[in-house]
Each structure stands twice: as structure tokens, then as C-alpha cells.
Amino acid sequence: MALKKKPVTGMKDILPAEMQVREYVMKQIRETYGGFGFHSIETPCVEHIENLSSKQGGDNEKLIFKIMKRGEKLNLEEAREENDLVDSGLRYDLTVPLSRYYSNNAAVLPSPFKSLQMGSVWRADRPQKGRFRQFVQCDIDILGDPTRMAEIELILATTTLLGKIGFKGYTVRINDRNILKGMAAYCGFPEEAYDQVFIILDKMDKIGMDGVARELSEAGYEEEKIRKYLSLFDSVTFDSAGVRSLGAVLNGVLKPGEAENLAAIMDSVSGISTSKFEIRFDPTLVRGMSYYTGTIFEIQVDGFPGSVGGGGRYDKMIGKFTGMDTPACGFSIGFERIITILMDEGFTVPGSDEKKVFLIEKGVSDEVTNQVMKEAMEERAKGVTVLVSQMNKNKKFQKESLIKEGYTQFKEFYKEELK
């Protein structure tokens, strides 16, 4: 059987030009988030199947790459169902592993704990532009802080990072799961119907208000409830004043201070941030993860389908491990989507170190080659990047390829000149 040279579907090989951009962005992530006091951590790529299938990950739980038991634990003859064959899986996000990590190590971690985690995750998803089956996620989380300072810090850190790598004019959409529930309760939807209502509402940007009304009607909900529900979206404005106004309408179904908390987050971020973006109240924002308990947010970039980042508060997840709820809030940037945007725009790494190429013609003696390599070592000791390479027949194409990799200076060594 012939070996296959292409990667597995949904995976990708990363060429040097893209790798340079990825490493630059990763460096900016570490430096920027480190400046906000986030600590870098690492968790295993493999998690217990019980944790991955705990009904915390929404639709992602349908996309797990599961790992079969090994050795004596794998008994194919007695297996009757999938759980008899599987005991672990590749992580589909970084939030579930972080919750397990914190539960296992909380005694030796500061409180509140500000975590930064970058790493690959895997989902058996349908590949498309900017979406792969293996991809890098970058999460920052604050564990142990119940106040809105956590949300404010997360949004400021994320938008500061995006500003540093050249993003501007994007939108941070923000909502609160409690406001979502309050709107549904105000209009008379039963609590057991909330998930279905929110799934339909989440399609608003694709099917519009009329489409949402039609699907709610087809799901069997009364027209009066539907009209009352959609009228809330018609009348709301998208600033902090709109949040407060909606909070006044929902007085009695919202807990005191829930609307004001969201409005205050928006006001604080707008007043403090130095990056160029809009923070916008979006009462249709749902986010699919069932573990969100409060504030939720997403980043929308004009011209790019889908979000390039998102997160929210998930105060109940760690309690699934420990039996004791711990305040938790996180923000994840879509690393792969950001890289896709940068590469499509022809992004080049700014302020790269000086990069030189020493090209040696074929046939040059070992003695001369060693002299050239010694010169290269002297340059490297000064902090200069030097590539020593044999000269190709098509020198023009060779140089053009190296220029794309960021090399700006060329020095050529020929047999005749070195005699």
C-alpha cells in the first residue's frame, strides 16, 4: 500500500511563512496576557471520557475523537456498548481541562487565579475555511473572582492583544444568560422551553426576525408570546443605556443588579480601553455551551463569517468536580481564524531581526565553506539570523522564496572569487 503524502482530512501542514506569523502572534499573546498577570499553564491533550461527556460542552460532545482502551482493559469479546471500549478522548476545548486542572491543584494556586493556556484541541467537525479538526485555542480565565472586574479584565486583555497585532474596527458583542432567561420568562415561555427558544433565537443573524417568529410558531408556541418576545428585540438599543432600559422592563423577573452589572461592564470597558473597537449589547447572543451562567461575549470582525473569539462566565463547572461552586470567567480567541485573516491580508511580522543569507556556489572547497560558516557564526553571535545554503541553479527563484521568508540581505560566494 502506497503511503499518503497529504495530511488527514481536517488537519494541515504549516509552511515556514505561516509559522513565522503564528510564532509572532503567540509571542504577543504571552507578552500581552503576561502583562495583565495571567499565568501560563499546560494540561494534557487527553482527558477522561467522563469529563468530556459531562453535558458541559454542548454540541462539541458529539465531535469527540475517542480513544479506545488499551491492553488488558480492551475486551472486544465482552463489549456491549461504546463505553466498554472507550475510556478517554482528545480534548475538544481548553475549558473542561482547566476546570479539572484547577480542581486538582487549587490548594497550591493563588486566588483568584488568572490562567493562560494555549494548545491544540480536536473536534471531528466538518472542515471549512478557518476551521480544522485540529486547531490551536488560546484561553485566558479568571477563577475565584465573582465580581465584574473579571469580565472587564478579560475584555481589556483580549482587545489589547488584538490591537497589538493590527486589528481595529471590530465588535465585541456582549450579553448575559440571565437576561436571556429573563426575557423568555417575561414573555411567558416555560423554563423547560428555554433551550429550544434560545437555539431558534441564535439563528437570528441567518434567518432574521421573521424566520425566528416562524420557527417559534412551528415549535408550537403561542403567537401572543412570540409577538411579545420579539417586540423586546425591536425596541432595545445596543449600548449600556439599552441594557438598563431592558432591565427596567424586566423588573421582577431579573434579580436585582443583573442588568446594571452588564451595563457597568460595558461602561468600564469603553472608558478604559485604548484599542479601536465597539462594544455592543446584543440580546440575541446565546453561545451554545450549556455551562455559561452569566455574562457572555463574542468578537465579530467585518468580512469574516462567524466569530473570532468568545467566552463568558461559567460559575457552576468547577463544582461538578469538587462539589463546591467556584466563580469562573474566560475568554478564548479563535487563534486559527485570526491567523487565517492575517495571512489573507498578507501580514508580515513587524520589526523582524536582521536576516541574511550566505549562498555558496557548488564545488567550493570544504576549507572555504568552513570559512563562510565561521563568518556566519560570528554574525549569529551578534544576534543576526544567518542562513548558509548552497546556491541553486535557479538563483532568482531561490532568492524570491527566501525574501518571502523575511531574508533581506544576500552574500554570494563563488569558486572563482575564492581562489
Side-chain angles (χ1 to χ4, degrees), residues 28-29 31-38 95 112-116 138-180 182 236-248 254-255 257-287 289 292-302 304 306-315 327-335 337-338:
Q28 294 302 311
I29 288 170
E31 291 181 354
T32 303
Y33 289 160
F36 279 78
F38 288 91
T95 305
F113 179 55
K114 301 178 76 172
S115 162
L116 161 61
C138 171
D139 286 15
I140 49 173
D141 295 81
I142 300 178
L143 310 179
D145 186 352
T147 73
R148 58 177 168 263
M149 186 184 298
E151 282 92 335
I152 294 168
E153 277 275 274
L154 289 167
I155 296 171
L156 289 175
T158 302
T159 53
T160 298
L161 167 68
L162 292 177
K164 281 189 174 182
I165 58 178
F167 281 79
K168 57 186 177 182
Y170 56 91
T171 301
V172 176
R173 300 159 59 212
I174 191 167
N175 197 8
D176 192 301
R177 295 279 289 194
N178 295 309
I179 291 177
L180 275 172
V236 74
T237 59
F238 306 116
D239 52 8
S240 58
V243 178
R244 293 186 173 97
S245 176
L246 181 59
L254 282 183
K255 292 181 181 178
E258 285 182 336
E260 177 57 33
N261 182 67
L262 184 62
I265 291 171
M266 295 179 68
D267 287 340
S268 295
V269 170
S270 298
I272 298 170
S273 179
T274 57
S275 300
K276 296 179 180 179
F277 68 95
E278 177 188 6
I279 186 165
R280 179 183 177 91
F281 172 50
D282 184 352
T284 70
L285 179 62
V286 175
R287 290 196 61 77
M289 298 300 194
Y292 289 122
T293 59
T295 316
I296 49 177
F297 24 75
E298 284 189 355
I299 299 172
Q300 187 75 45
V301 174
D302 290 342
F304 192 86
S307 67
V308 298
R313 184 166 283 278
Y314 54 101
D315 290 344
C329 196
F331 208 149
S332 175
I333 61 167
F335 182 84
R337 295 186 176 186
I338 285 173

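None of these values were measured; they are calculated from a predicted model. Along the sequence shown, residues carry numbers from 1.
Between Ile142 and Glu153 there is a side-chain heavy-atom pair separated by less than 4.5 Å. For the pair Ile179 and Val243, the minimum side-chain heavy-atom distance is below 4.5 Å. Side-chain contact between Asn178 and Lys255 is absent, with no heavy atoms from C-beta onward closer than 4.5 Å. At a threshold of 4.5 Å between non-hydrogen side-chain atoms, the residues Thr159 and Val269 do not count as touching. Side-chain contact check for Thr95 versus Tyr314: some heavy-atom pair is nearer than 4.5 Å.
For the pair Arg177 (side chain) and Thr295 (backbone), a donor-acceptor distance under 3.5 Å is absent. Under the 3.5 Å distance criterion, the side-chain polar atoms of Arg313 are left unmatched by any main-chain donor or acceptor of Pro327. No donor-acceptor pair closer than 3.5 Å links the side chain of Ser275 to the backbone N or O of Gly163. When atom types are taken as modelled, the side chain of Ser240 and the backbone of Met266 share no donor-acceptor pair closer than 3.5 angstrom. Remark: side-chain polar atoms of Ser268 are paired, donor with acceptor, to backbone N or O of Ala264 under 3.5 angstrom.
Between Asp282 and Arg280, no side-chain nitrogen of the basic residue sits less than 4.0 Å from a carboxylate oxygen of the acidic one, so the salt-bridge criterion is not met. For Lys164 and Glu31, the salt-bridge test fails: no basic side-chain N is under 4.0 Å from an acidic carboxylate O.
Residues Val236 and Pro283 approach most closely at CG1-CG, 3.7 Å, considering heavy atoms. The minimum heavy-atom distance linking Phe331 with Leu154 is given by the pair CD1-O, 3.8 Å. Minimum interatomic distance between Gly169 and Asp302 (heavy atoms only, all atoms of both residues): O-OD2, 4.0 Å. Across every non-hydrogen atom of Val286 and Ile296, the tightest pair is O-CD1, 3.2 Å. Between Thr237 and Gly242, the shortest heavy-atom distance links the atoms OG1-CA, 3.0 Å. Taking all atoms of both residues into account, the shortest heavy-atom contact from Arg287 to Gly310 is NH1-CA, 3.7 Å.
The aromatic rings of Phe36 and Phe38 lie tilted to each other, with the angle between the two planes from 30° to 60°.
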Step-by-step side chain to side chain contact (heavy atoms under 4.5 Å, CB included) determination, Gln28 to Leu161: CA-CA 7 Å; Gln28 294 302 311; Leu161 167 68; 4.0 Å; yes

Would Leu116 and Cys138 satisfy side chain to side chain contact (heavy atoms under 4.5 Å, CB included), going step by step from the backbone distance to the final call? CA-CA 7 Å; Leu116 161 61; Cys138 171; 4.1 Å; yes

Would Ile338 and Phe167 count as a side chain to side chain contact (heavy atoms under 4.5 Å, CB included) here? Give the steps. CA-CA 9 Å; Ile338 285 173; Phe167 281 79; 3.8 Å; yes

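Going from atom OG of Ser273 over to atom CD1 of Ile279 covers 9.0 Å, rounded to the nearest 0.5 Å. Going from atom CZ of Phe297 over to atom CG of Leu262 covers 10.0 Å, rounded to the nearest 0.5 Å. For the atom pair CG (Leu254) and CG (Asn261), the distance works out to 11.5 Å, reported to the nearest 0.5 Å. To the nearest 0.5 Å, the span separating CD1 on Ile333 from CD1 on Ile299 amounts to 7.5 Å. The distance from the CD1 atom of Ile174 to the CZ atom of Phe281 is 9.5 Å, given to the nearest 0.5 Å. The distance from the CD1 atom of Ile29 to the OG1 atom of Thr32 is 8.5 Å, given to the nearest 0.5 Å.
Take Phe238 and apply the ring-ring contact (aromatic ring centres under 6.0 Å, His included) test, not counting sequence neighbours, and it matches no residue. For Thr147, the side-chain contact (heavy atoms from CB on, under 4.5 Å) partners are Asp145, Met149, not counting sequence neighbours.
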